[in-house]
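The figures that follow rest on heavy atoms only: side chains count, while hydrogens, waters and symmetry mates do not.
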Amino acid sequence: MYEGYGPNGVAVLIECLTDNRNRAAGEVRTAMTRNGGNMADPGSVSYLFARKGVVTLDKADQTEDDVLMAVLDAGAEEVTDLGDTFEIVTSPPTSSRSAAHCRRRESTTTPPRPTSAPPSRSRRRRRSPQGVQLVDALEESDDVQNVYTNVDLSDEVLAELDD
């Protein structure tokens, strides 16, 4: 797990799985410095994030009330209707109990305090905001498994990225 700060003070948490720690550290450090970020000491960013379990359940013929009753007793924190599925957010110790009713389970990290990213200043040349470029550069590494940030992209920035 590596920690750092991206452009505009965005907190970045990088989760790696590697057989060569030196290569992974070098790739992460290079991606950070070339894209406006810098590495941080362990613990300086991770306190901003909370580890959560995310369980996805096919709706089938279940109602949201049915799912709520089943998983809230098991310790779930939140249930969200995503159309064809329900997303159940739990604390990691209770995710296995909540997953008893579910098809797929994964662990993720969520940031509690979002930071906004400004839109690109260049009108002539459309490009991604620096924070998005940083995440893209980090995700290009084979050793990087997940990149978590506390950035909150505005509708204007998201529309610019779609262009």
Side-chain angles (χ1 to χ4, degrees), residues 1-58 75-78 80 82 85-100 102-122 125-163:
M1 193 69 77
Y2 297 100
E3 301 179 30
Y5 292 100
N8 302 317
V10 171
V12 181
L13 198 61
I14 305 120
E15 188 176 51
C16 293
L17 180 63
T18 184
D19 60 346
N20 186 333
R21 292 181 73 182
N22 293 331
R23 178 188 66 227
E27 288 178 359
V28 167
R29 188 174 298 110
T30 299
M32 291 288 284
T33 55
R34 287 186 180 168
N35 292 284
N38 55 13
M39 300 296 287
D41 292 331
S44 59
V45 169
S46 61
Y47 77 93
L48 295 170
F49 297 85
R51 178 71 80 184
K52 298 289 179 183
V54 178
V55 181
T56 305
L57 173 66
D58 285 331
E77 296 174 8
E78 181 180 344
T80 306
L82 299 177
T85 60
F86 291 111
E87 180 182 78
I88 303 157
V89 177
T90 68
S91 62
T94 62
S95 63
S96 59
R97 284 186 283 163
S98 298
C102 301
R103 180 178 59 91
R104 188 180 59 149
R105 182 177 54 173
E106 61 186 56
S107 180
T108 189
T109 302
T110 58
R113 297 172 216 152
T115 300
S116 61
S120 170
R121 299 278 182 235
S122 171
R125 198 175 92 196
R126 291 278 188 203
R127 58 190 193 109
S128 299
Q130 242 184 336
V132 175
Q133 290 175 352
L134 172 61
V135 171
D136 289 344
L138 288 166
E139 288 179 341
E140 285 180 14
S141 172
D142 292 335
D143 295 328
V144 173
Q145 298 298 303
N146 295 301
V147 178
Y148 304 105
T149 68
N150 65 339
V151 70
D152 183 20
L153 297 176
S154 68
D155 292 338
E156 182 181 343
V157 172
L158 289 172
E160 187 176 301
L161 291 174
D162 287 341
D163 289 343

Is any side-chain heavy atom of [X] closer than 4.5 Å to a side-chain heavy atom of [Y]?
| X | Y | answer |
| --- | --- | --- |
| E27 | D143 | yes |
| V12 | V147 | yes |
| M32 | L138 | yes |

If you take all heavy atoms of [X] and [Y], which pair is closest and at what distance?
| X | Y | value |
| --- | --- | --- |
| V45 | G4 | CG2-O, 3.4 Å |
| P7 | L134 | CD-CD2, 4.0 Å |
| N150 | V10 | OD1-CG1, 3.5 Å |
| Y5 | S44 | OH-O, 3.1 Å |
| V28 | C16 | CG2-SG, 3.9 Å |

Rounded at 0.5 Å granularity, tell me how far [atom1] in [X] sits from [atom2] in [Y].
| X | Y | atom1 | atom2 | answer |
| --- | --- | --- | --- | --- |
| Q145 | E139 | CD | CD | 11.0 Å |
| F86 | D58 | CZ | CG | 10.5 Å |
| L17 | D142 | CG | CG | 11.5 Å |

### Message
Quick test of your reading of the model: are R51 and E15 salt-bridged, counting only N-O distances below 4.0 Å?
### Response
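Looking at E15 together with R51, the answer is yes, because their closest N to O distance falls below 4.0 Å.
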### N38 atom CG, neighbour heavy-atom count above 12 within 6.0 Å
yes
### Task
Please name all residues satisfying side chain to side chain contact (heavy atoms under 4.5 Å, CB included) with L82, sequence neighbours left out, ordered by chain then number.
T80, T85, E87
### Task
List in chain and number order the residues that pass side chain to side chain contact (heavy atoms under 4.5 Å, CB included) with S46, two or more places apart in sequence or in another chain; answer none if no residue qualifies.
E3, L13
### Task
Report the residues that fulfil salt bridge (charged side-chain N to carboxylate O under 4.0 Å, His left out) with D19, sequence neighbours left out, ordered by chain and then residue number.
R23
### Task
Just jot down the side-chain hydrogen bond (donor to acceptor under 3.5 Å, both in side chains) partners of E77, sequence neighbours excluded, or say none.
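K52.
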